[in-house]
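Right, one structure below, let's go through it.
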Amino acid sequence: MRWINRRPSRGATLVLHCLPFALLIVAYLIGSAIRLEANPNDKLLPSLATLADTVNRMAFQPDPRTGDYLLWSDTAASLWRLFAGLGISTALALVIGLLIGLLPVMRATLAPFIAFVSMVPPLALLPILFIVMGLGEASKIALIVIGVAPILIRDLSLSAQALPREQIVKAETLSASTWLIGLRVVLPQVLPRLLTSLRLQLGPAFLFLIAAEAISADSGLGYRIFLVRRYLSMDVIFPYVAWITLLAVIGDRLIDLARRRVFPWSELEGAR
Amino acid sequence: MRWINRRPSRGATLVLHCLPFALLIVAYLIGSAIRLEANPNDKLLPSLATLADTVNRMAFQPDPRTGDYLLWSDTAASLWRLFAGLGISTALALVIGLLIGLLPVMRATLAPFIAFVSMVPPLALLPILFIVMGLGEASKIALIVIGVAPILIRDLSLSAQALPREQIVKAETLSASTWLIGLRVVLPQVLPRLLTSLRLQLGPAFLFLIAAEAISADSGLGYRIFLVRRYLSMDVIFPYVAWITLLAVIGDRLIDLARRRVFPWSELEGAR
Amino acid sequence: EPKKDFKVAWSIYVGWMPWGYAADTGIVKKWADKYGITIEVTQFNDYVESINQYTAGAYDAVTVTNMDALSIPSAGGVDTTAVIVGDFSAGNDAVILKDGATLADIKGRNVNLVEFSVSHYLLARALDSVGMSEQDVKVVNTADPDMVGAFQTPDVTAMVTWNPMVSEIVKLPGATKVFDSSQIPGEIIDLMVANTQVLADNPDFGKALAGIWYDTVTVMASDTPEGAAARAAMGAASGTDQAGFEDQLAATKLFAKPADAVGFVTSPDLSKTMDHVRGFLFDKGLLGSGAPSADVIGIELPGGAVLGDTGNVKLRFSDTYMKLAADGAL
Amino acid sequence: MTALTVERVWKEYGDQIVLENISLEVAPRAFVALVGPSGCGKTTFLRMLLGQEQPTRGRILLDGAPLPPEPGPDRGVVYQRYSVFPHLTVLGNVMFGPELRASRRLGRTFGATRRRIEEQARTMIGEVGLEGAETKYPAQLSGGMQQRLALAQALMMQPRVLLLDEPFGALDPGIRADIHVLMKRLWNEVPMTVVMVTHDLREAFSLATRIIAFERTRTRTEELERYGATITKDIVLWPPRVAGQRTMFEIDTLPGRDDPALFAAPSGTTR
Amino acid sequence: MTALTVERVWKEYGDQIVLENISLEVAPRAFVALVGPSGCGKTTFLRMLLGQEQPTRGRILLDGAPLPPEPGPDRGVVYQRYSVFPHLTVLGNVMFGPELRASRRLGRTFGATRRRIEEQARTMIGEVGLEGAETKYPAQLSGGMQQRLALAQALMMQPRVLLLDEPFGALDPGIRADIHVLMKRLWNEVPMTVVMVTHDLREAFSLATRIIAFERTRTRTEELERYGATITKDIVLWPPRVAGQRTMFEIDTLPGRDDPALFAAPSGTTR
Ligand SMILES: Nc1ncnc2c1ncn2[C@@H]1O[C@H](COP(=O)(O)OP(=O)(O)OP(=O)(O)O)[C@@H](O)[C@H]1O
Ligand SMILES: Nc1ncnc2c1ncn2[C@@H]1O[C@H](COP(=O)(O)OP(=O)(O)OP(=O)(O)O)[C@@H](O)[C@H]1O
Ligand SMILES: [Mg+2]
Ligand SMILES: [Mg+2]
């Protein structure tokens with residue numbers, strides 16, 4: 001039988017799913033054991049015991065200096081920024097993306113500019129951003145917005161434009177004004193697509209968040225990672241990276257779940 | 001007439017295209033004038049004259065230390081890394097993405113792992129990367145690969161899976177083996193899509209390049225930006241950022257042109 | 001075990017620019033050839049990354065401050081020897097206030113600095129000098145390349161950083177330098193350190209490093225056209241020009257003569273300085289999360305005296321190679 | 001009085017002349033079938049009637065007044081596909097037009113207005129035979145049901161002119177026969193003029209009161225761009241069908257409706 | 001000898017029984033039309049003949065040997081859509097099968113082999129009436145031309161069995177008539193057995209030698225899952241058509257081919 005037609009059984013699929021993760025863990029353990037043998041104080045690949053110890057300290061012991069549980073206070077700070085950044089980006093994308101997608105005049109005005117802006121490397125403009133927005137939360141949120149919003153706007157305006165012209169004409173024959181077409185025909189149909197774009201932007205959003213927190217912060221996941229990087233505390237960095245990845249995966253799943261719940265018809269559409 | 005039906009004329013479109021760019025420039029000039037009046041030594045928003053001066057120095061005067069024309073040597077160094085990184089990512093995406101898209105066994109093994117890896121924030125793993133890959137070009141290229149390849153792989157495997165099952169069956173009735181299906185049916189049809197994904201990853205690739213060059217390099221666009229950032233030399237940073245943006249836009253156009261030239265049928269497909 | 005190929009990392013800072021210049025102008029090659037070895041010199045833009053790479057074993061030697069040498073490689077179990085004491089900061093690190101004339105005005109403010117760096121140490125010493133402690137301010141971690149931009153934002157009112165940022169910031173309207181490292185002379189020391197084991201197995205490597213260094217600083221410190229050219233080149237490499245570079249140099253006590261450096265490390269002040277430093281690091285939990293006291297890591301001083309645990313000596317100040325240079329025995 | 005007047009209309013896209021000097025008078029409550037080979041400009045003509053495109057020369061009058069330059073609620077349309085909104089249920093689709101008309105701010109109605117519209121919509125859904133599917137989304141309906149839905153949606157606005165662009169082209173023959181019966185009934189009951197584009201001559205003959213054929217008269221390659229299509233046939237069906245009246249001669253519900261003699265049209269006009 | 005034998009085949013998807021106890025013998029060079037309401041399992045049956053799906057119970061034999069468990073070059077297929085490769089030109093599509101067969105490493109041939117295949121392909125392209133379109137891509141062809149291309153592509157492999165799944169469902173009536181003539185000619189000339197799924201009874205009657213209807217006999221909602229479709233009709237056409245022979249009674253090129261009496265099948269099978 002051709003390989004293309006060979007489907008692993010249920011059990012085999014599960015085993016195959018886990019295989020690369022298992023290999024990764026084994027490789028880590030071996031690497032760690034080798035390095036720790038050479039230097040018992042080695043910090044690059046800490047042992048499982050050290051990792052467990054650190055996780056316990058960060059997540060379940062109050063920090064002696066501030067009394068906070070560091071992992072949770074960092075997570076709270078970062079997630080707040082992330083939500084704010086993504087929320088603002090989404091709102092911007094909805095307004096600007098719909099305007100571009102809907103109105104030829106706005107399209108002529110904004111589309112080339114947005115295409116240009118989406119190519120600007122945001123990290124290089126950080127100094128300006130800090131001076132304009134200050135060093136507080138605003139500039140961190142702004143970095144996420146600058147990094148994420150142009151992509152979302154472009155995606156949204158493209159998917160608004162991709163709606164069959166016939167639907168718009170049809171709505172006009174049903175007495176819709178431009179406003180009503182935007183509100184009742186285009187908006188509801190691009191929302192599911194917006195959620196999908198948002199999922200794809202979760203990774204970049206975390207990236208910008210970490211970059212912003214590395215510049216100036218007093219809490220946050222990125223702050224902690226860059227702070228402890230000063231003394232190569234990989235026993236903190238590894239759990240934090242794993243935690244960020246887990247958060248991103250959970251966010252991804254939640255957004256997809258929300259899309260399927262709130263827009264059941266978008267699933268049907270895909271199933272056809 | 002509804003706004004949705006109003007189309008600006010040719011000339012008006014051109015004017016509208018330029019409008020936001022013009023506004024941006026004017027805003028800059030005003031801001032610059034105000035700041036320079038308050039403090040003639042202000043470095044944040046240098047005057048046009050200073051900018052022109054710097055561009056001239058960076059691009060057309062040999063650096064006294066090395067005899068290089070800095071802008072060009074930086075560009076050459078960065079583009080080389082970018083090409084290498086994107087090239088390796090593309091090659092990986094082709095091999096792994098096709099395997100995942102084509103073979104159920106590989107899909108079971110790699111798809112969840114790639115989904116997980118694509119959520120890991122690459123910047124947080126920089127120290128490991130530098131230690132494993134050394135500080136030469138390898139680690140900078142590797143950062144681009146780590147940031148870009150998972151997305152490309154996922155995109156490619158999804159578009160391979162999106163090919164109608166009927167085509168695969170049809171190829172089997174035409175005596176194709178798994179290998180020939182991959183080579184002659186799936187590969188040529190996902191290549192145009194790969195080029196499109198690649199375009200979308202140009203921005204992120206530049207981002208990772210800059211981040212890598214910020215850590216250790218002795219030339220490159222990102223290196224220069226981070227070097228002069230300590231002095232807030234915006235007269236260098238602004239032209240460099242504009243130049244990077246321009247390079248990204250040109251790259252974007254070139255890839256799209258290549259797609260249309262090499263895969264003329266992919267255009268027809270879209271036009272239907 | 002003895003080996004022939006060595007890797008040295010340095011990062012962009014006024015006191016370490018000679019390393020880049022030496023690599024560019026062939027001084028490194030000259031000395032390496034002399035001892036029949038090869039030395040690869042790598043420039044880092046990111047100081048912390050260079051130390052991390054050294055700590056992880058990717059490099060044999062690295063440029064680092066006395067404090068970071070103790071908190072990063074030594075606390076990470078890498079036995080480290082200071083081969084060359086290049087300079088100490090005499091004004092390169094500073095506390096700068098906006099709208100404040102004296103250090104006492106810092107009370108209650110947010111202070112932007114790189115946490116756990118020498119800036120943090122400088123702040124602790126500064127506060128100490130006016131009877132305050134870190135409880136009286138709030139520290140906000142801020143990346144060093146962005147200090148100049150950050151200072152211009154309204155919510156930043158106090159900052160601790162180093163050159164070249166300090167010289168840029170003091171030019172800004174409203175900025176006042178209220179404390180700098182010249183007030184704690186000799187406490188912030190810029191070193192070239194190497195892995196003790198590597199050094200023990202390959203003394204030639206240490207000799208080559210010393211040879212390179214003093215060859216280069218001799219040119220650089222000389223008041224000749226070659227000296228000026230060297231300073232201009234170093235200025236350009238660090239992103240400024242000759243004048244800017246000489247400004248920074250003025251705030252640096254460079255040991256251009258090996259004998260001065262030997263004198264500095266063998267003076268009893270070093271022990272006092274390191275005691276301050278380890279106290280600070282222990283306070284911040286940077287000597288290891290389970291460290292019972294500041295004594296966990298032993299610091300060996302020239303002559304063999306040890307500060308702290310003699311069974312766990314991980315940082316050694318050595319005058320061996322500088323002495324050889326002073327004696328012209330390289 | 002004439003419902004639709006087309007006066008010497010030309011349509012060009014850039015250099016290409018698509019329609020050439022079309023003049024036409026359509027009586028109120030007529031059912032015009034528009035046939036012609038692919039690419040001859042049938043859809044373009046319909047688009048001009050809809051107001052989606054403007055004639056290059058000439059003008060179109062509706063009940064004597066010039067046609068507004070954009071689509072509006074007086075002219076309904078049903079396309080071959082994309083005719084209903086995928087994000088609205090069947091009920092939502094049918095209520096959509098009246099709701100938009102009633103609420104210019106939100107496009108949604110509440111309370112009594114909503115109940116009234118919903119009642120009308122349910123009646124209309126019954127008319128087209130979709131009762132029971134009110135809460136389904138279009139993707140859950142078969143092609144035939146979707147086109148019924150599109151008809152119901154368009155009819156809710158009580159358009160003066162209903163424009164159909166190959167509305168049943170994508171349907172299976174069995175379903176198509178059902179929907180023809182429905183279409184005929186609706187045309188009899190609702191006061192409107194219908195213009196329908198079709199590729200299927202049989203359909204044209206079984207539904208329309210008048211059949212108009214567009215065709216290019218010059219088909220040499222070098223002439224294709226320079227000359228557009230014109231009306232080559234204009235057949236008024238005999239015995240005449242009149243909306244609202246059942247004639248004795250009404251043939252299409254009889255078993256013999258597919259008598260081949262009736263649709264032995266000259267070859268070439270069916271594609 | 002029997003070309004296709006289906007022995008007590010059941011097909012279930014999870015709990016749902018789709019096909020129930022199908023047994024069938026198809027003679028070599030027969031042209032079987034498979035009709036039945038939507039969702040009754042016609043495509044599923046075809047997929048099993050193709051080897052794309054396996055029967056849950058029972059077995060299928062081809063010339064007495066069990067069917068290989070995956071599609072292969074002895075069975076060709078033409079779908080309603082997706083039947084040709086969009087990235088290959090017409091010539092490329094037709095040459096594709098022989099090229100794959102000739103070159104197992106690259107899937108491309110050169111020199112003499114290539115010339116031989118190209119020549120065969122051009123002949124086949126001529127057969128199906130696509131000469132002149134050799135360098136076009138499928139997206140540049142009309143639906144009818146694409147289906148001709150799909151036929152040509154499948155026939156190049158000289159399959160023993162040709163499976164067609166509503167191959168002409170998406171075509172305009174005029175084009176469909178043309179392609180029926182072509183299909184009939186090819187079936188006469190190429191030694192193969194044809195199984196065609198169709199919704200269109202007229203098509204079934206005008207092409208096939210034998211018509212098989214699938215239907216669910218129990219249609220109460222609670223029974224739908226538990227009982228699958230079976231063969232409810234098996235009509236051998238009279239006068240018999242035999243491949244390669246023209247009978248006196250050959251009716252379908254005569255004008256009377258659409259005589260309604262012939263296809264007044266019981267309602268319900270065309271849905
Ligand atoms: N927006 C446009 N720009 C340029 N040419 C167009 C445009 N719309 C249609 N055409 C051209 O006008 C001609 C008529 O097209 P139209 O769609 O009206 O034909 P049709 O009779 O509806 O064909 P079909 O039966 O295939 O639907 C075609 O040659 C087409 O290429
Ligand atoms: N892969 C599958 N998994 C589960 N159920 C399936 C699958 N494929 C088909 N079915 C079910 O099997 C039944 C028969 O489907 P099939 O496509 O064979 O019908 P059909 O007769 O070809 O219908 P149509 O005329 O609409 O093409 C349907 O109820 C369908 O939902
Ligand atoms: Mg049309
Ligand atoms: Mg089917």
Side-chain angles (χ1 to χ4, degrees), chain A residues 2-8 12-13 16-17 19-21 24 44 102-105 108-113 115-116 118-128 131 147 151 168 172 177-178 181-182 200 202-204 206-207 210-211 214 222 225 229 232 234 237 240-241 244-245 248-249 252, chain B residues 2-8 12-13 16-17 19-21 24 44 102-105 108-113 115-116 118-128 131 147 151 168 172 177-178 181-182 200 202-204 206-207 210-211 214 222 225 229 232 234 237 240-241 244-245 248-249 252:
Chain A
R2 295 180 182 89
W3 274 103
I4 203 170
N5 290 322
R6 281 196 212 174
R7 268 156 224 289
T13 304
L16 289 176
H17 274 1
L19 192 66
F21 294 96
L24 187 69
L44 190 70
L102 216 53
L103 304 184
V105 173
T109 314
L110 289 178
F113 187 64
F116 168 84
S118 73
M119 288 291 181
V120 174
L123 292 187
L125 289 180
L126 270 179
I128 302 264
I131 290 170
I151 316 276
I168 310 289
E172 292 183 85
S177 59
T178 295
I181 290 175
L200 293 180
L202 270 186
F206 263 109
L207 193 90
I210 292 175
I225 287 178
R229 195 174 75 104
L232 201 68
M234 297 311 289
I237 293 183
Y240 264 65
V241 168
I244 290 174
T245 307
V249 169
D252 183 271
Chain B
R2 295 181 182 89
W3 274 102
I4 203 169
N5 290 323
R6 282 194 212 177
R7 266 156 226 290
T13 303
L16 289 175
H17 274 2
L19 191 67
F21 295 95
L24 187 71
L44 189 70
L102 216 53
L103 304 184
V105 173
T109 313
L110 289 179
F113 188 64
F116 168 84
S118 72
M119 288 292 181
V120 173
L123 292 187
L125 291 181
L126 269 179
I128 303 265
I131 286 161
I151 317 276
I168 309 288
E172 291 182 86
S177 59
T178 295
I181 290 175
L200 294 180
L202 270 186
F206 263 109
L207 191 92
I210 291 175
I225 287 178
R229 205 163 122 195
L232 201 73
M234 298 311 290
I237 294 183
Y240 264 66
V241 168
I244 291 174
T245 307
V249 170
D252 184 272

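Lettering of chains follows the sequences in order, A, B, ..., and the numbering in each one begins at 1.
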(request) Between chain B and each of P204(A), A115(A), P121(A), count heavy-atom pairs under 4.5 Å; write down the option with the most. (result) P121(A)
(request) Measure the spacing between CD1 of I168(A) and CG of L102(A) and express it to the nearest 0.5 Å. (result) 6.5 Å
(message) I need the T245(B) OG1 to M119(A) CE distance, nearest 0.5 Å.
(response) 9.0 Å
Chain A: which of [options] shares the most heavy-atom pairs with it under 4.5 Å?
| options | value |
| --- | --- |
| L103(B), T13(B), L19(B), L207(B) | L207(B) |
| Y240(B), F206(B), W3(B) | W3(B) |
| V120(B), I181(B), V249(B) | V120(B) |
| P20(B), A12(B), A111(B), S118(B) | P20(B) |
| V241(B), L202(B), D252(B) | V241(B) |
| L200(B), V105(B), I151(B) | V105(B) |

(request) Tell me, please, which residues at least two apart from N5(A) pass side-chain hydrogen bond (donor to acceptor under 3.5 Å, both in side chains). (result) R165(B), E172(B), E70(E)
(message) Report which part of R229(B) has an atom under 4.5 Å of a heavy atom belonging to chain A: side chain, backbone, both, or neither.
(response) side chain
(message) Report which part of I210(A) has an atom under 4.5 Å of a heavy atom belonging to chain B: side chain, backbone, both, or neither.
(response) side chain
(request) Quick one: closest heavy-atom pair of R2(B) and S177(A), and the distance? (result) NE-CA, 4.0 Å
(message) For the backbone of A108(B) and the side chain of H17(A), can you confirm whether one donor and one acceptor N or O come within less than 3.5 Å of each other?
(response) yes
